[in-house]
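Each residue takes its place number in the sequence, starting with 1. As the structure is a prediction and not an experimental result, all values here were calculated from the model.
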Amino acid sequence: MTLRSLPDRKPFLTAALALVTLAALAAAAISAEPRAKDLFGAKTLPPVAPAQSFGFYSKGCFTGGVALPMDGPAWEVMRPSRNRRWGHPAMIALIEKLARDAQADGWPGLLVGDVSQPRGGPMMTGHASHQIGLDADIWLTPMPRRPLTFAERETMSATLMVNGKTHLVKDALWTPAHTRLLKRAASYPEVERILVNPGIKKKLCDTVSGDRSWLRKIRPFWGHDYHFHMRIGCQPGSPGCKAQEATPGDDGCGKPLAWWFTEEPWRPNKNPDAPKARDLMTMANLPRECQAVLAAPDAPSLAAVTYQGGGGAAVAVAEPAEPAETISDSNAVLPAAASAFAPTPKIGIPVPRPRPGN
């Protein structure tokens, strides 16, 4: 039957055109609202204010941020043009401490990747998290003996530690020093999770002897084959920070890890073209405090908000007025937008994004 032979086709066409018009108007309204990633990505300095994190790791912002110096005795900042070496003072202080402690353990020094933008918020590219100043990426490539040039920091490739076909660590590249580095990072009580490639988690499960309690903080997830992601918990003075559920008490080397070495985790994403959350977020999606964080005046200079160690630009803050809100992820069915840092559910099904093929 053709459309010409359908009765009352005029009302049908009128209704269809009305729906198309409404959809177009709705899309135009959404596109007219500035994206949060554009607003936060345009900020080059934080405001001078007490350090506070607002919201969740993948939906929030922070104030009172300080910059990790570009160079230190045991670290160098990579990809400096991104301007993502900012964090809560507690995170920046921890990176410096890890650099010193790891060097004492025999690691030459840290190559530090992304921490956060000056005021946090969603980023133009890359991460879903790193929004509240409490996440940091550390390369698994040791710091070279000679200082890297700016150009080298922008273009130097990190060492891929995992075979993309077998999903196993390349044994020729993995050293006991890598294990010591991860153990040192996990040893700090403020560190809640360390995200690594499943192959790296398996290597640790297969080789670590003696005290294995720290392995519970090491969580497997897609990617992370050239760096590890270190996350600390909500800090004092941030009652608006939403905490994550604690990791399970075991070492995480059982059934949940075995799932990563089946075919299912590596099947291509069924909807690779779906827009990412950061591409859709507007200020209305973020905590209301982020409006004030965004509108606050810039610090007077970069030097004024670069962490100096031993206090420096870090601001002393009071204890929180109320406990941080906890986001629970214990449900068997997880939403597609669940955080990558959630504990692997006991049912053995990890969060479904991102997957290969994006």
**Prompt:** Is the gap between the ring centers of Trp260 and Trp222 under 6.0 Å?
**Reply:** yes
**Item:** Separation between CZ of Arg100 and CZ of Arg184, rounded to the nearest 0.5 Å
**Value:** 11.5 Å
**Request:** Establish whether Leu215 and Leu98 are linked, either directly or via other cluster members, by ILVMFWY side-chain heavy-atom contacts under 4.5 Å.
**Result:** yes
**Item:** Gap separating the CE atom of Met281 from the CZ atom of Phe40, nearest 0.5 angstrom
**Value:** 10.5 Å
**Prompt:** Applying the side chain to side chain contact (heavy atoms under 4.5 Å, CB included) test to Arg85, which of Val77, Ile95, Val112, Asp114 qualifies?
**Reply:** Val77
**Nearest heavy-atom neighbours spanning Pro89 and Ala51** = CD-CB, 3.5 Å
**Request:** Report yes if some heavy atom in the side chain of Phe228 is under 4.5 Å from a heavy atom in the side chain of Ile218; otherwise report no.
**Result:** no
**Fill in**
Note: Ile92 and Gly87 closest approach over all heavy atoms is CD1-N, 3.7 Å
**Item:** Side-chain heavy atoms of His227 within contact of Thr141, under 4.5 Å
**Value:** no
**Request:** May I ask you to check whether over 12 heavy atoms, not counting those of Lys59, lie within 6.0 Å of atom NZ?
**Result:** no
**Asked** Passes side-chain contact (heavy atoms from CB on, under 4.5 Å), Leu134 versus Tyr57? Steps please.
**Response** CA-CA 7 Å; Leu134 305 178; Tyr57 298 87; 3.8 Å; yes
**Asked** Where do Pro80 and Phe150 come nearest, in terms of heavy atoms and distance?
**Response** CG-CE1, 3.3 Å
**Prompt:** When rounded to the nearest 0.5 angstrom, what distance separates CZ in Arg288 from CZ in Phe54?
**Reply:** 9.5 Å
**Complete:** Of all heavy-atom pairs linking Leu286 and Gln131, the shortest is CD2-OE1, 4.2 Å
**Request:** Identify whether Leu39 and Ile132 are in the same connected component of the hydrophobic contact network (ILVMFWY, side-chain heavy atoms under 4.5 Å).
**Result:** no
**Asked** Roughly how far, to the nearest 0.5 Å, is CH2 of Trp86 from OH of Tyr307?
**Response** 14.5 Å
**Request:** Report yes or no: do Glu154 and Ser81 form a side-chain donor-acceptor pair below 3.5 Å?
**Result:** yes
**Prompt:** Considering only heavy atoms from C-beta outward, does the side chain of Pro69 approach that of Glu96 to under 4.5 Å?
**Reply:** yes
**Prompt:** Does Lys43 reach the side chain of Leu294, with side-chain heavy atoms less than 4.5 Å apart?
**Reply:** yes
**Message:** Has Asp137 got a side-chain atom pairing as donor or acceptor with Gly113's backbone, closer than 3.5 angstrom?
**Reply:** no
**Fill in**
Taken to the nearest 0.5 Å, the spacing of Met123 CE from Asn83 CG works out to 10.0 Å
**Asked** Distance-only, no hydrogens or angles: does the Lys37 side chain make a donor-acceptor pair with backbone N or O of Gly121 under 3.5 Å?
**Response** no
**Item:** Same apolar cluster: Ile194 and Trp139, side chain cutoff 4.5 Å
**Value:** no
**Message:** Less than 3.5 Å apart, any donor N or O on the side chain of Gln244 or Arg193 sitting next to an acceptor on the other?
**Reply:** yes
**Request:** Check step by step if side-chain contact (heavy atoms from CB on, under 4.5 Å) holds for Leu257 and Lys202.
**Result:** CA-CA 7 Å; Leu257 178 61; Lys202 179 172 171 37; 4.2 Å; yes
**Asked** Is it true that a side-chain atom of His130 and a backbone atom of Val115 form a donor plus acceptor pair closer than 3.5 Å?
**Response** yes
**Prompt:** Is a side-chain N or O of Thr159 found less than 3.5 angstrom from the main chain of Met161, in a donor-acceptor match?
**Reply:** no
**Prompt:** Does any non-hydrogen side-chain atom of Trp214 lie less than 4.5 Å from one of Ser187?
**Reply:** no
**Request:** Check whether any side-chain N or O of Gln103 sits under 3.5 Å from a backbone N or O of Gly109 as a donor-acceptor pair, and report yes or no.
**Result:** no
**Asked** Can Leu110 be reached from Met78 by stepping across I, L, V, M, F, W or Y side chains whose heavy atoms are under 4.5 Å apart?
**Response** no
**Request:** Run the salt-bridge test on Asp298 and Arg119 with the 4.0 Å N-O cut-off and return the result as yes or no.
**Result:** yes
**Message:** Which heavy atom of Tyr188 sits nearest to which heavy atom of Lys97, and what is that distance?
**Reply:** CE2-CE, 3.5 Å
**Positive for salt bridge (charged side-chain N to carboxylate O under 4.0 Å, His left out) with Glu76, one of Arg145, Arg146, Arg153** = Arg153
**Message:** What's the separation between atom CZ in Arg84 and atom OG in Ser116, rounded to the nearest 0.5 Å?
**Reply:** 9.5 Å
**Prompt:** With a cut-off of 6.0 Å (strictly less than), are more than 12 heavy atoms of other residues, nucleotides or ligands near NZ of Lys203?
**Reply:** yes
**Asked** Side-chain donor-acceptor pair under 3.5 Å between Tyr226 and Asn197, yes or no?
**Response** no
**Item:** Least distance between heavy atoms, Met230 atom then Met91 atom
**Value:** O-CE, 3.7 Å
**Asked** Does the Gln308 side chain pair with the main chain of Thr306, one donor and one acceptor, at a distance under 3.5 Å?
**Response** yes
**Item:** Side-chain heavy atoms of Leu94 within contact of Ile232, under 4.5 Å
**Value:** yes
**Prompt:** Should the ring pair Phe221 and His224 be called parallel, tilted or perpendicular, given that the plane angle runs from 0 to 90° and is split at 30 and 60?
**Reply:** perpendicular
**Request:** Go through the steps to decide whether Phe261 and His167 satisfy the test side-chain contact (heavy atoms from CB on, under 4.5 Å), and finish with yes or no.
**Result:** CA-CA 8 Å; Phe261 295 92; His167 310 299; 4.1 Å; yes
**Request:** Could you check Arg35 against Asp38 for salt bridge (Lys or Arg N to Asp or Glu O under 4.0 Å), going step by step and ending with a plain yes or no?
**Result:** CA-CA 5 Å; Arg35 295 179 300 183; Asp38 296 327; 2.9 Å; yes
**Message:** Set out, in order, the CA-CA distance, both residues' side-chain angles and the distance that settles salt bridge (Lys or Arg N to Asp or Glu O under 4.0 Å) for Asp251 and Arg212, then state yes or no.
**Reply:** CA-CA 7 Å; Asp251 61 13; Arg212 293 169 60 91; 3.3 Å; yes
**Message:** Under a plain distance cut-off of 3.5 Å, with no hydrogens placed, do Thr179 and Trp174 share a side-chain donor-acceptor pair?
**Reply:** yes
**Message:** Given 3.5 Å as the limit, does a donor-acceptor pair link the side chain of His88 with the main chain of Ala90, or not?
**Reply:** yes
**Request:** Kindly indicate whether the side chain of Leu140, heavy atoms from C-beta on, has any atom under 4.5 Å from the side chain of Val196.
**Result:** no
**Message:** Test your reading of the model: is there a side-chain donor-acceptor pair from Arg180 to the backbone of Asp105, 3.5 Å cut-off?
**Reply:** yes
**Message:** Could you walk me through whether Ile200 and Val162 satisfy the side-chain contact (heavy atoms from CB on, under 4.5 Å) test, starting with their C-alpha distance in whole Å, then the side-chain angles of each, then the deciding distance to 0.1 Å, before giving a yes or no?
**Reply:** CA-CA 7 Å; Ile200 293 174; Val162 177; 4.0 Å; yes
**Asked** Is a donor on one side and an acceptor on the other found under 3.5 Å between the side chain of Ser301 and the backbone of Ala304?
**Response** yes
**Request:** Determine whether Thr247 and Arg216 make a side-chain contact, defined as any pair of heavy atoms from C-beta on separated by less than 4.5 Å.
**Result:** yes
**Request:** Would you check if the side chain of Gln235 reaches a backbone N or O of Gly233 as a donor-acceptor pair within less than 3.5 Å?
**Result:** yes
**Message:** Hydrophobic cluster membership, with links at side-chain heavy-atom distances under 4.5 Å among I/L/V/M/F/W/Y: are Leu181 and Leu160 in one?
**Reply:** no
